[in-house]
Amino acid sequence: MAIIGYDLCPNVRISAIAKQVEASVLAASALVDGPIRLAGHSAGGHLATRVVCSDFAAIPRVQKVLSISGVHDLRPILRTSMNNELRIDLAEAQRESPALCAPHNQIAVTAWVGADERPEFIRQAKLLANVWTGCGAETKYVEEVGTNHFTLIDGLESAQSALMSEFLD
């Protein structure tokens, strides 16, 4: 297992963060053999799906991506106060939104979200699964009952949880 670190906004733009994650995954893949699976929560879900978009390098051996409450369309952020720190413009939001990009089709992607999340996180997960299915990718949408944005990741603690079973299967 590897945990990837990256610079944060406003010091760098989101596009630079995505390139840092891509470089890290490529470097890690050169160090180990076997299948690679990527998982990320919230902004990490965005990054895990972003690096398997077709405009990025095809990362060898990536078999599965688990986006946990991922943000897959950055355009709504343009209308929030969060954008004061992120400094996203429309062109970058469109370019860096996985839901607006074509996926590498050989990778299984699961958009996992808590049923008690804010509606926007549910919409974002459904959007990615729907759009990428239409692009021919193997996608799955899972809405976990009784979890929200913060309790959803508790499933990462146990290999027997539904979340980890999906990821490890």
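Not measured: the values here are computed from a predicted model. All values below were derived from every heavy atom in this structure, side-chain atoms included, with hydrogens, water molecules and symmetry-related copies excluded.
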May I ask you to check whether over 12 heavy atoms, not counting those of [X], lie within 6.0 Å of atom [atom1]?
X: Q63; atom1: CD; answer: yes
X: D33; atom1: CG; answer: no
X: R118; atom1: CZ; answer: no

For this session: Would you mind listing every side chain to side chain donor-acceptor pair (under 3.5 Å) that reaches into residues 159-169, with sequence neighbours excluded?
Result: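 Those involving residues 159-169 are T110-E166, K140-E166, S158-Q160.
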Would a distance-only check, ignoring hydrogens and angles, find a side-chain to backbone donor-acceptor pair under 3.5 Å from [X] to [Y]?
X: W132; Y: L127; value: no
X: R61; Y: V32; value: yes
X: N148; Y: T151; value: yes
X: H104; Y: V62; value: no
X: S97; Y: L74; value: yes
X: E138; Y: V109; value: no
X: T147; Y: L152; value: no

Return the set of residues passing salt bridge (Lys or Arg N to Asp or Glu O under 4.0 Å) with [X] (not counting sequence neighbours), or none when no residue passes.
X: R75; result: D73
X: R123; result: E120
X: R13; result: E92

Problem set entry | Modelled atom types, side-chain donor and acceptor of Q124 and H72, under 3.5 Å |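 The criterion, which ignores hydrogens and geometry beyond distance, is not satisfied for H72 and Q124.
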Exercise. Under a 4.5 Å side-chain heavy-atom rule over Ile, Leu, Val, Met, Phe, Trp and Tyr, are V65 and I4 clustered together?
Worked result: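 Same hydrophobic cluster.
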Exercise. By side-chain contact (heavy atoms from CB on, under 4.5 Å), which residues pair with L168, not counting sequence neighbours?
Worked result: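 Counting only residues at least two positions away or on another chain, L168 forms a side-chain contact (heavy atoms from CB on, under 4.5 Å) with A159, M164.
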Problem set entry | Charged N-O contact under 4.0 Å between R50 and D55 | yes
Problem set entry | Set of residues satisfying side chain to side chain donor-acceptor pair (under 3.5 Å) with respect to H46, sequence neighbours excluded | none
Exercise. Within 45 degrees of the axis of the six-membered ring of F56 and under 6.0 Å from its centre: does K19 put its NZ or CZ there?
Worked result: yes
